[in-house]
Amino acid sequence: AQSVTQLDSHVSVSEGTPVLLRCNYSSSYSPSLFWYVQHPNKGLQLLLKYTSAATLVKGINGFEAEFKKSETSFHLTKPSAHMSDAAEYFCVVSDNTNAGKSTFGDGTTLTVKP
Amino acid sequence: GAVVSQHPSRVICKSGTSVKIECRSLDFQATTMFWYRQFPKQSLMLMATSNEGSKATYEQGVEKDKFLINHASLTLSTLTVTSAHPEDSSFYICSAAGPGGNQPQHFGDGTRLSIL
């Protein structure tokens, strides 16, 4: 069994300030973890993925996430927010024993204020 | 990066009509494709998983006779909403993944289905 919890439904930051979107997971096996971004009326775009290699994962658009097994966390960060980062973000856990089937978090809405 | 094309992007039709949505992986072979439904301000709800050449696996509560899925090739899967009614109005999103258990899903841009 697996689950994922995004701890904040809404996050608001000012442009140029750091972004932190929190995600905790549970999995019976060594999971793969992903962060996706969704802009309004669009599909999901992959930001980054963790698949048991380096625990600090760098993604696109300046985002990165750190896999912390002891804390069962995979928080998404960015040093400096840009207006274009405003979107919905989903943390996803995939149980590698059930090829490709994933569990999605409820999403975090990121608002960036000018 | 991997590209998934979903068509059409928007459909408006009358109640009782059947609607077909296509999902194509343009530059990789998708051994598995997924169909999701997303309600406003909510996360994605998995409807079914399809593997090329075999029957789709539907999630609990999803009517297989209502939502017909075909995955005839490694690059194409279709979802047909049969005899659509207003309650079927939603945002439908497909995704595709290559072989292996830790492959990321690559998503189409979604289809906004509105049944009048």
Side-chain angles (χ1 to χ4, degrees), chain A residues 2-6 8-10 21 23 27-54 57 59-61 65 67 74 87-111, chain B residues 1-10 21 23-25 28 30-52 54 56-59 71 77 90-114:
Chain A
Q2 60 190 22
S3 67
V4 59
T5 302
Q6 291 183 241
D8 307 291
S9 58
H10 290 86
L21 305 183
C23 173
S27 177
S28 302
Y29 303 92
S30 295
S32 292
L33 292 156
F34 309 88
W35 274 99
Y36 289 88
V37 61
Q38 184 181 32
H39 291 276
N41 294 308
K42 291 288 189 180
L44 278 66
Q45 180 185 17
L46 179 67
L47 283 177
L48 49 80
K49 63 179 180 179
Y50 166 77
T51 55
S52 76
V57 181
I60 62 171
N61 301 337
F67 175 73
F74 190 59
E88 189 79 11
Y89 291 79
F90 292 98
C91 180
V92 180
V93 60
S94 177
D95 185 336
N96 295 327
T97 64
N98 191 1
K101 189 169 183 178
S102 302
T103 301
F104 285 73
D106 287 338
T108 298
T109 302
L110 176 65
T111 301
Chain B
V3 178
V4 174
S5 173
Q6 186 173 341
H7 178 81
S9 58
R10 185 174 181 90
I21 303 170
C23 182
R24 294 180 183 271
S25 58
F28 69 103
T31 51
T32 308
M33 286 187 168
F34 304 87
W35 288 96
Y36 295 88
R37 185 171 179 176
Q38 186 178 32
F39 293 99
K41 305 293 185 182
Q42 294 189 23
S43 187
L44 278 68
M45 180 189 78
L46 180 64
M47 299 174 65
T49 303
S50 74
N51 293 293
E52 184 263 340
S54 61
T57 302
Y58 289 81
E59 296 299 302
H71 191 168
S77 176
S90 193
F91 192 55
Y92 293 87
I93 305 176
C94 74
S95 73
N102 61 359
Q103 295 301 311
Q105 296 179 40
H106 302 282
F107 288 82
D109 277 345
T111 298
R112 174 71 60 192
L113 177 61
S114 300

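The figures that follow rest on heavy atoms only: side chains count, while hydrogens, waters and symmetry mates do not. Letters go in sequence order (proteins before strands), and every chain restarts at 1.
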Qualifying residues under side chain to side chain donor-acceptor pair (under 3.5 Å), relative to A:Thr5, sequence neighbours excluded: none

Region of B:Gln38 in contact with chain A, defined by heavy-atom distances below 4.5 Å: side chain

Exam field: side chain B:Trp35 to backbone B:Ser77, donor-acceptor pair closer than 3.5 Å: no

Portion of A:Leu46 that has a non-hydrogen atom of chain B nearer than 4.5 angstrom: side chain

Heavy-atom donor-acceptor pair, B:Tyr36 side chain to B:Ser95 backbone, under 3.5 Å: no

Residue among A:His39, A:Gln45, A:Gln38 with most heavy-atom pairs under 4.5 Å to chain B: A:Gln38

Geometric class of the A:Phe74/A:Tyr50 ring pair [parallel <30°, tilted 30-60°, perpendicular >60°]: tilted

